[in-house]
Amino acid sequence: MHSFGHRANAVATFGVTILAAMCFAASFSDNFNTPTPTASVKILNINWFQKEANGNDEVSMTLNISADLSSLFTWNTKQVFVFVAAEYETPQNALNQVSLWDGIIPAKEHAKFLIHTTNKYRFIDQGSNLKGKEFNLTMHWHIMPKTGKMFADKIVMTGYRLPEQYR
């Protein structure tokens, strides 16, 4: 006859095995989701473009950020971290990324948004490389699931250029 401890151990082991199988199924089911997010970032105004005392270029912009990220949410999605970055090349670096804005979307109900804002973080280049510089605005997102691995992707919006002169 098995003791109470043996029986409790068997029930607990069975319960943990079922829980692990359900977590695996939840994580695996995310592979079948094909999200189709949309995003648009418009620069409404360059508030200032100046050279700092230490020689670095700094830009302040007013942005219109709109996105529909609702297709990123499944029943396994806990939250989505989203950020907009300016990406450009300089002679020193093939890729420079400067985060301009970020946010956390906790639920599908908040995944469609329109934000009118100035850049949340300073757009500074170490050096004076930004005059007349072409750059991309890229919306990145990281999907944080309840269980399983994180997914990341982005939408690149091209065709932006900074002024030739400081303002």
Identify whether [X] and [Y] are in the same connected component of the hydrophobic contact network (ILVMFWY, side-chain heavy atoms under 4.5 Å).
| X | Y | result |
| --- | --- | --- |
| F113 | F73 | yes |
| W48 | L130 | no |
| W101 | L114 | no |
| W141 | I115 | yes |
| I46 | F135 | yes |

For residues 113-123, pull every pair meeting salt bridge (charged side-chain N to carboxylate O under 4.0 Å, His left out), keeping only residues two or more places apart or in separate chains. E52-R122, E58-R122, D102-K120
In a check of side-chain hydrogen bond (donor to acceptor under 3.5 Å, both in side chains) between E87 and each of N136, N96, T138, which one passes? T138
Test side-chain hydrogen bond (donor to acceptor under 3.5 Å, both in side chains), reference D68, set S66, S70, S71, output is S70
Once you round to the nearest 0.5 Å, how far does [atom1] of [X] lie from [atom2] of [Y]?
| X | Y | atom1 | atom2 | value |
| --- | --- | --- | --- | --- |
| N54 | Q126 | CG | CD | 9.0 Å |
| L69 | T38 | CG | OG1 | 7.5 Å |
| I104 | M144 | CD1 | CE | 6.5 Å |
| D57 | K131 | CG | NZ | 7.5 Å |

Evaluate the side-chain proximity of [Y] to [X]: yes if any heavy-atom separation is below 4.5 Å, no if none is.
| X | Y | result |
| --- | --- | --- |
| I143 | T74 | no |
| V156 | T158 | yes |
| W75 | K146 | no |
| D125 | N56 | no |
| M61 | L100 | yes |
| S99 | F123 | no |
| M139 | K154 | no |

Any donor-acceptor pair under 3.5 Å from [X] side chain to [Y] backbone:
| X | Y | result |
| --- | --- | --- |
| K78 | A107 | no |
| T77 | Q79 | no |
| D153 | I155 | no |
| K108 | L72 | no |

What are the two closest non-hydrogen atoms of Y166 and S128, and how far apart are they?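 Scanning both residues completely, I find the closest heavy atoms to be OH-CB, 3.7 Å.
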Can you see which heavy atom on M157 is nearest to which on A39, and at what distance? SD-O, 4.1 Å
Do T147 and N76 have a side chain donor and acceptor closer than 3.5 Å?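 Their side chains do not contain a donor-acceptor pair, so the 3.5 Å distance test is not met.
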Test item: side-chain donor near acceptor, N129 and Y88, under 3.5 Å: no
Could you walk me through whether T118 and N47 pass side-chain hydrogen bond (donor to acceptor under 3.5 Å, both in side chains), step by step? CA-CA 9 Å; T118 59; N47 302 326; 5.5 Å; no
Under 4.0 Å between a side-chain nitrogen and a carboxylate oxygen: does that hold for E134 and R161? yes
Pairing residues for Y121 by the ring-ring contact (aromatic ring centres under 6.0 Å, His included) criterion, not counting sequence neighbours: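 Partners of Y121 under the ring-ring contact (aromatic ring centres under 6.0 Å, His included) test: none.
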Tell me every residue that passes ring-ring contact (aromatic ring centres under 6.0 Å, His included) with F83, counting only those two or more places apart in sequence or in another chain.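 In terms of ring-ring contact (aromatic ring centres under 6.0 Å, His included), with neighbours along the sequence ignored, F83 is linked to F81, H140.
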With T62, the side chain to side chain contact (heavy atoms under 4.5 Å, CB included) member among T117, I43, N45: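 Among the candidates, only N45 passes.
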Kindly determine whether H116 and L63 satisfy side-chain contact (heavy atoms from CB on, under 4.5 Å), including the steps that lead there. CA-CA 6 Å; H116 179 81; L63 304 169; over 6 Å; no
Near K51 NZ, under 6.0 Å, is it more than 12 heavy atoms from other residues, nucleotides or ligands?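 Buried by this count: over 12 neighbours within 6.0 Å.
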